[in-house]
Amino acid sequence: MTSQPSMILVRPQMGENIGAAARAMLNFGLTDMRLVSPRDGWPNPKATAMASGATRVLETARVADDVAGAAEGCDYVFATTARPRDLEKPVHDPESAMRAAREMMAEGRRVGILFGGERAGLANEDVARAQAIVTVPVNPEFASLNLAQCVLLMAYEWRRGAVEPRAADPPDVAPVEDVERFAQHWEQRLEDSGFFFPPEKAGHMKLTFRNFWSRMPMTRNDVQLLHGALRQLVRPRDR
């Protein structure tokens, strides 16, 4: 099967919207759906009814408790958002994002796309775990897109320019789960050392670090080296 991006729905609420997103995906040949903590549980009969002929997308959908778990196996993640963010990341429109995705996947890399829930979209903590942002040039006075509409836009742009990836040795890029484990290691060591002070600034400091690691292109060797260096720095020394 031709490589394709993973469509990751983060905390979706209504089963009908999940089903509509599945239809939008299959319209353009996409089948890899992943769900983060769907509000009404899973499986959802309303999603199945809405999906109509696209139920096979729902039947193979993966469910995770958090973004890191849902993005497991991905080397690069885009976050779709209509709101301006204070996080420093590359910003794409859907066309340029899917062009970049095709180029990466032609090299053997795996790509995921985050879509926020219906009520408030993606949280900053979700966006911080992505490597780039995708925005749609919508009317600024009414920028809200339905979840399935957003999935449809991205799926359409993927299909419009999709090409068979050429055979190539994939780069040794650290997958999302490896970066996540290192970020947790880093936070824990800094927590133990009392770095996150004063307490009211700890959340913002941790978010800044998460954003820093996710936008840094690291290889598996880079992550292993940083793990080892961090362990050595905190290891007691003979006096």
*Would you call Asp222 and Arg220 a salt bridge, using N to O less than 4.0 angstrom?*
no

Distance-only polar pair, side chains of Gln13 and Asp40, donor-acceptor under 3.5 Å: no

Q) Would you say the ring centroid of Phe209 lies under 6.0 angstrom from that of Trp186? A) yes

Excluding Val234, membership of its hydrophobic cluster (Ile, Leu, Val, Met, Phe, Trp, Tyr; side-chain heavy atoms within less than 4.5 Å) reads none

I'd like to know if Arg210 pairs up with Glu180 as an ion pair, taking the criterion as any Lys NZ or Arg NE/NH1/NH2 lying under 4.0 Å from an Asp or Glu carboxylate oxygen.
yes

Exercise. Quick one: does NZ or CZ of Lys206 land under 6.0 Å from the six-membered ring centre of Phe196, within 45 degrees of the ring axis?
Worked result: yes

(request) Could you tell me whether Glu157 and Arg160 have a side-chain N and a carboxylate O separated by less than 4.0 Å? (result) yes

Residues Ser214 and Arg129: side-chain donor-acceptor under 3.5 angstrom: no

Residues at least two apart in sequence or cross-chain that pass ring pair (Phe, Tyr, Trp, His ring centres under 6.0 Å) with His227, listed by chain then number, are Phe182, His185

* Ring centres of Tyr76 and Phe78 under 6.0 Å apart? -> yes

Worksheet item: Same cluster for Val57 and Trp42 if Ile/Leu/Val/Met/Phe/Trp/Tyr side chains link at under 4.5 Å?
Response: yes

Run the numbers on Asp93 and Val134 for side-chain contact (heavy atoms from CB on, under 4.5 Å), then give the verdict. CA-CA 5 Å; Asp93 61 19; Val134 184; 5.9 Å; no

Practice prompt. Given side-chain hydrogen bond (donor to acceptor under 3.5 Å, both in side chains), test Arg235 with Gln232 step by step and report yes or no.
Written response: CA-CA 5 Å; Arg235 180 174 297 167; Gln232 188 66 25; 3.1 Å; yes

Carboxylate-amine/guanidinium proximity below 4.0 Å for Arg99 and Glu95:
yes

- Take Glu118 and Asn17, measure what side-chain hydrogen bond (donor to acceptor under 3.5 Å, both in side chains) needs, and give me the verdict at the end. CA-CA 9 Å; Glu118 297 91 322; Asn17 285 333; 2.8 Å; yes

Subject >> Electrostatic pair Asp126-Arg11, nearest N-O below 4.0 angstrom >> reply: yes

